[in-house]
Amino acid sequence: MSTESVPQPSNFLRTIIEDDLACGKHQVIVTRFPPEPNGYLHIGHAKSICLNFGLARHFGGRCHLRFDDTNPAKEELEYIESIKESVHWLGFDWGQHLFYASDNFEQLYQWAEYLIQQGKAYVEDLTADEIRAYRGTLTESGKESPYRGRSVEENLGLFRRMKSGEFPDGAKVLRARIDMTASNMNLRDPVLYRIIHAPHPHVGNTWCIYPMYDFAHGQSDAIEGITHSICTLEFEDHKPLYEWFLANLPVPSQPRQYEFARLNLTYAVMSKRKLHELVNQHIVNGWDDPRMPTLMGIRRRGYTPEAVRAFCERIGVGRSDSWIDMSVLEECVREDLNERTPRVLAVLRPLKVVIDNYPDELVDEFEAANHPQKPEMGSRTIRFSREIFIEQDDFAEAPPKGFFRMTPGSEVRLRYAYIVRCTGVVKDENGTVIEVHCQYDPASRGGSAADGRKIKGTIHWVSASHAIDAEVRLFDRLFTDPNPDRGGADYKQFLNPHSVEVLSAAKLEQHLATADPEIRYQFERQGYFRPDPLDSEPGRLVFNRIVTLKDAWSKK
RNA sequence: UGGGGCGUCGCCAAGCGGUAAGGCACCGGAUUUUGAUUCCGGCAUUCCCAGGUUCGAUCCCUGGCGCCCCAGCCA
């Protein structure tokens, strides 16, 4: 794919790995994509997936898929399945390397007892509120819990009773004994285990105590032999704790954590909370709504995995907070679709045109190229007759300066067909043009004038008696503001009221009657479209607009 | 005002002491039966600011300024 062949500039992660390989620290690198199965994946996750799988592929290593499933209160099987499907859709394969943090629960439990035995963990009886109060603030150090000094035996007994289900949710937690005065809050005796009497999506009812992220993540990395544990910036403050566990537990390997800046996209929101809200409040029609930045959404809309991968390559990886322009994503989609889609003529907002000097019953046929720059993509036949439809926007009774489409008195080319001249219009009682009359030039068959005169404008059309009907959904950005997320304001006030426009009377060339949902098309002069995989069916076609074509005219 | 991180063109991003890559956006112009594509050309005497070291600094030092993250029994 041409979009992926451009050499990529280096980034700090590649540099680190190159150095680790060069000095012999590692023979082979192992990365992992570690989602929590508590929601659906979005374009931000795609960046992480492409990074982790891409780095492994680039350096001949491997990448694991690991579910960080340590909190059964929020996780579901449905999400596990969806996440696997999205990663595959994006084009990556973890092979045999599918892992669950929950598969390590027994080992993690043993390590927790080990820490207790070393005097480095204790059972806490303080309530959640009390723990918070004892933790201190950003500027004041914390206080030690009165339960911090329990004996190893007492801690072990209590922890085992926690495990056996003797206590209700929240009654006790296991804490690491580190330093209540640490300036890094994560080191102020972090909670290691909490009691949750809930079935787990992967390991069922075997446990009622569950490890916290911090106690599971690094150790799982170590168990899997991860060499480079890549996460987002907000985990940087957790690194000392990550390393504390690796240093204080007999783990089988020593992974290293590196952080990068998460993806932010203009005109979109990415937080799980906001995405949930859009769905729950029916602002969008589900997680796979084509306007959503979820992988399910953009997939349904018609974005290709190739385009998403090209996007992830193009934006680079860094450590500074960044907001990528939506136009970068859109341009990646266009670049891919421009290469691969067959062209087709489709009239979205039909305006009837009658060619008065064209024989009533005559039907002409033209060969239309499927791709003007790629003859190998072939051609198809399109039919022409006396009555056709053109785009309402392609006609102007009083054209603005520079308009070179159909207008009274002047000539315009009907793509692949004939040159026509508008001779008159029919209006309804409101003065709206409802029909246009033309004369065609019989000597211009195919669209070229016999005398070689230049025709500036070419518009698309569809034969009225041959066209098929379809619904077309025009999607646009969900928000009107580039940063709906920014500062205090409610992001919902920036919702774009025109993020979807449904055109129910579109007219398509006959060729599209059997459109395969997996095939994308370019509707010439308009954009890229594909049949909606859920709602389109033979006889009741529904097309989604994936992205518009660039349009230098509308900018003026 | 505790700790951690970041600051190179409107948005990303290379650069790692030797005199500012690239992409998107934008602005021209050429070709065009898609106002698309393609193609040419333009677009940071300057790297948050101020000092310092050096023959030479975006890269080193010092001091400022700005922005982000952290006080879940979430990840």
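Order of the sequence lines fixes the chain letters, A, B, ..., with proteins taken first and strands second; residue numbering starts at 1 for each chain.
- Listed pair A:R194 / B:C74 meets the phosphate criterion, a side-chain N or O lying under 4.0 Å from OP1 or OP2.
- Considering only side-chain atoms of A:E36, the nucleotide from B:C24, B:A75, B:U34 that sits closest is B:A75.
- Close to B:A25, at under 4.0 Å from its OP1 or OP2, lies no side-chain N or O of A:T266.
- Within the structure, every side-chain polar atom (N or O) of A:R188 is placed at least 4.0 Å from both OP1 and OP2 of B:G3.
- The side chain of A:S10 places an N or O atom within less than 4.0 Å of a non-bridging phosphate oxygen (OP1 or OP2) of B:G15.
- Of the side-chain N and O atoms in A:K172, none sit less than 4.0 angstrom from OP1 or OP2 of B:C73.
- Classified by its glycosidic torsion, B:G52 falls in the anti category, the angle being over 90° from 0.
- When the side-chain nitrogen and oxygen atoms of A:R132 are compared with OP1 and OP2 of B:A71, none of them lie within a distance under 4.0 Å.
- RNA chain B is contacted by A:D68, A:T70, A:N71, A:K74 of residues 68-79 of chain A, taking any non-hydrogen atom closer than 4.0 Å.
- Distance NZ/A:K47 to CE/A:M270: 9.5 Å, rounded to 0.5 Å.
- Using a 5.5 Å limit on the distance between ring centres and a 30° limit on the angle between planes, the aromatic ring of A:Y213 does not count as stacked on the six-membered base ring of B:A75.
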Check nucleotides 40-43 of chain B against the protein and report each pair of N or O atoms closer than 3.5 Å, with its distance, or say if there are none.
none

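- Close to B:G35, at under 4.0 Å from its OP1 or OP2, lies a side-chain N or O of A:R525.
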